[in-house]
Amino acid sequence: MRFLYPDQIAHWYKRSLQKSGYKELYAFARDFWKDLVRRGSYAVPPGFVARLMECYMSVPVGEKEPTRLDFTAENEYIEKIRVAEGADRLEGIFLLTGADRDTAVAQGIFQQIIERLPPFQHDELVFSDSDLEKSFAIGHIVPGGFDVETALEKIYARALDDFDRTEFRFYADDIFEIGHPSLFERPADRLFFRRMTRTMKGLGLWTRSVFTLKEESSWVVAKYGEPQVLPLGGYDELSNKGNLSSLVPSELAYIDESLAFDLFDYKLIENQLTYFKRDSGAVFRIRRDILIKVSLSEFFEHERHLGMLFAWCFNFAEKLIETFVKDMVEVVIALDGYKPSSLNEACEFFRHFLREKRLDKRIRLVTGLKDEMVGKELRENSQNWVFAARETGFGKHVGVDFPQSDEFAGLPGDEQERIMGSLINEAIERMVMNADCQS
């Protein structure tokens, strides 16, 4: 293997940019390309990186040439990415995260996108980090020793072929990972996430049950209820105050898209728009704190089993929140017992995952706490429930024992998911049956 010299790297960089219509990249885009190279993507053309960024960002990524050459292969490849299945959701990711303007956020998202594409490859494009830095200190570049035009033809010919051969698309998991780049800074995080989500999807098929809730007893309402005024029933009257969801539809007739400032805008500013006002009334939301407690064994030394456990805990917690949707439900997941070697990393990822899902205020994870300490994680003024293999001495106990046997480990994945789903359904059903009881 022969490494390119600094002047050859400089020629490759400059000529690739010119072919793509750029004189130079701004610092953030140039540094992003250099980072890709340092990660091993030597053959990714800097011009391609600029063009891809240009597709999704509203800020310029570099200084452009007065006229762009017709680079057919690159145009075709860019277009294939943009129309690939699932790619229509990428623009939404950039807008929602602000990455269309925030260059720091954008780099993490673009890295996730490029890592999913079939890798750019060329046998002669290999160079060291030190020579890469030296190449940017070269003033006058003299072409020679490396044919950039031929290299680009080979790179794109192979990339287009790989794209078609693999029937490339952006899957739902890809879109989530692309939209949350900080969640997957380590390769192990992505592997753990995919193990976890694979089980979560399977569990979803077995936990579709809908539970009919009883009306809470007056004792439960008095002790754990919190009154809240909410809109109830139908519309009561018209008002000049409200939100857009209650806007009287006829007001939309004042919108004139041909005008920069129309009558609708004027009425909005002057508070003259008409809104429906709904009946309101008080409802009682019950404070419920729920503990899901699992004592770990050597069974979870296998990372797949650990991913399966976190999938089960998340599905369980989500189903509880969904079932008692009108209540103020908080779920604490407590793990104790044996400590698998990868537990800390898995817990760190799971907590980050909850933050990204905006569930960290409703689902919490604690580890290594004894029963008396775990009990302090639950609010005293809430109805406390404990899902665990054995009673803890506090809260209403529902027996749930996560399977950790060799026999369970040997079952097919869909059978494991059925068993875990049944545990969730049966446990929630028992809670629903007794949720209106005093003790």
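We're numbering straight along the sequence, starting at 1.
- Contact of the Phe193 side chain with the His180 side chain is not registered, since no non-hydrogen atoms from C-beta on lie closer than 4.5 Å.
- Contact record, Ile9 with Ser135: CG2-OG, 3.7 Å, taken as the closest heavy-atom pair.
- A donor-acceptor pair is defined here as one N or O able to donate and one able to accept, closer than 3.5 Å; such a pair exists between the side chain of Gln404 and the backbone of Ser297.
- The two atoms that bring Ala311 and Met200 nearest to each other are CB-CG, 3.5 Å, heavy atoms only.
- A 4.5 Å side-chain heavy-atom check between Asp289 and Leu291 finds every atom pair outside the cut-off.
- Classified by interplanar angle (parallel below 30°, tilted 30° to 60°, perpendicular above 60°), the ring pair Phe127/Tyr42 is perpendicular.
- Ion pairing between Lys154 and Glu124 fails under the 4.0 Å rule for side-chain N and carboxylate O.
- Cation-pi check for Arg82 over Tyr56 is met; the charged atom lies under 6.0 angstrom from the ring centroid and within 45 degrees of its normal.
- Among the candidates Leu95, Ile109, Ile175, the single residue satisfying the side chain to side chain contact (heavy atoms under 4.5 Å, CB included) test with Leu90 is Ile175.
- We find that Asp162 and Arg165 are joined by a salt bridge, their nearest charged nitrogen and carboxylate oxygen being less than 4.0 Å apart.
- For Glu372, the CD atom sits in a packed shell: over 12 heavy atoms of surrounding residues, nucleotides or ligands are nearer than 6.0 Å.
- Looking only at distances, no side-chain donor or acceptor of Glu303 sits under 3.5 Å from a matching main-chain atom of Phe192.
- The two residues Ser20 and Glu74 make their nearest non-hydrogen contact at OG-OE1, 2.7 Å.
- Considering only heavy atoms from C-beta on, Phe349 comes within 4.5 Å of Leu183 through its side chain.
- Residue-environment remark: CG (Asp129) exceeds the threshold of 12 foreign heavy atoms within 6.0 Å.
- No close placement of the Phe163 and Tyr156 rings is indicated, their centers lying 6.0 Å or farther apart.
- With Asn384 contributing its side chain and Phe394 its backbone, the two residues share no donor-acceptor pair below 3.5 Å.
- The main-chain N or O of Gly47 is found under 3.5 Å from a side-chain atom of Ser16 such that the two form a donor-acceptor pair.
- Between Asp174 and Arg194 there is a salt bridge, since a side-chain N of the basic residue sits under 4.0 Å from a carboxylate O of the acidic one.
- One finds no salt bridge joining Arg362 and Glu318 here, because no Lys/Arg side-chain nitrogen approaches an Asp/Glu carboxylate oxygen to under 4.0 Å.
- Side-chain atoms of Glu54 and Tyr22 form a donor-acceptor pair, as typed in the model, at a separation below 3.5 Å.
- Phe402 has its ring centre less than 6.0 Å from the ring centre of Phe300.
- Counting heavy-atom neighbours within 6.0 Å of Arg169 CZ, excluding the residue itself, gives a total above 12.
- Sparse packing is recorded around NZ of Lys339, with 12 or fewer heavy atoms of other residues, nucleotides or ligands lying under 6.0 Å away.
- Using a cut-off of 4.0 Å between Lys/Arg side-chain N and Asp/Glu carboxylate O, Arg39 and Asp35 are scored as salt-bridged.
- Under the 30°/60° scheme for interplanar angles, the aromatic rings of Tyr13 and Trp33 are found to be tilted.
- No donor-acceptor pair closer than 3.5 Å links the side chain of Arg288 to the backbone N or O of Trp385.
- Taking the centre and axis of the six-membered ring of Phe136, the NZ or CZ atom of Lys34 falls inside the cone set by 45° and 6.0 Å.
- The environment of Tyr254 atom OH is sparse: at most 12 non-hydrogen atoms of other residues, nucleotides or ligands sit within 6.0 angstrom.
- Of all non-hydrogen atoms in Val332 and Arg364, the two that sit nearest each other are CG2-NH2, 3.2 Å.
- Within the 4.5 Å cutoff, no side-chain heavy atoms of Thr199 are placed close to those of Trp312.
- Pro60 and Tyr26 make their closest contact through O-CD1, 3.5 Å (heavy atoms, listed as atom of the first residue, atom of the second, distance).
- A side-chain donor-acceptor contact under 3.5 Å links His305 to the backbone of Phe299.
- For the pairing with Phe353, the ring pair (Phe, Tyr, Trp, His ring centres under 6.0 Å) check across Phe314, Phe184, Phe310 returns one residue only, Phe314.
- Here the side chain of His397 pairs a donor or acceptor atom with the backbone of Ala388 at under 3.5 angstrom.
- Ser58 contributes a side-chain N or O that, together with a main-chain N or O of Asp100, makes up a donor-acceptor pair within less than 3.5 Å.
- At a cut-off of 3.5 Å, with distance as the only test, a side-chain donor of Glu115 or Gln111 sits close to an acceptor on the other residue.
- Side chain of Asp161 to backbone of Ala157: no donor-acceptor contact under 3.5 angstrom is found.
- Ion pair Asp336/Lys293 flagged as a salt bridge, since at least one NZ, NE, NH1 or NH2 atom sits closer than 4.0 Å to an Asp/Glu carboxylate oxygen.
- Counting heavy atoms from C-beta on, the side chains of Lys80 and Leu160 come closer than 4.5 Å.
- Between the side chain of Arg116 and the backbone N or O of Phe170, no donor-acceptor pair lies under 3.5 Å.
- Heavy atoms only, all atoms of each residue included: Arg430 and Gly399 are closest at NH2-O, 3.1 Å.
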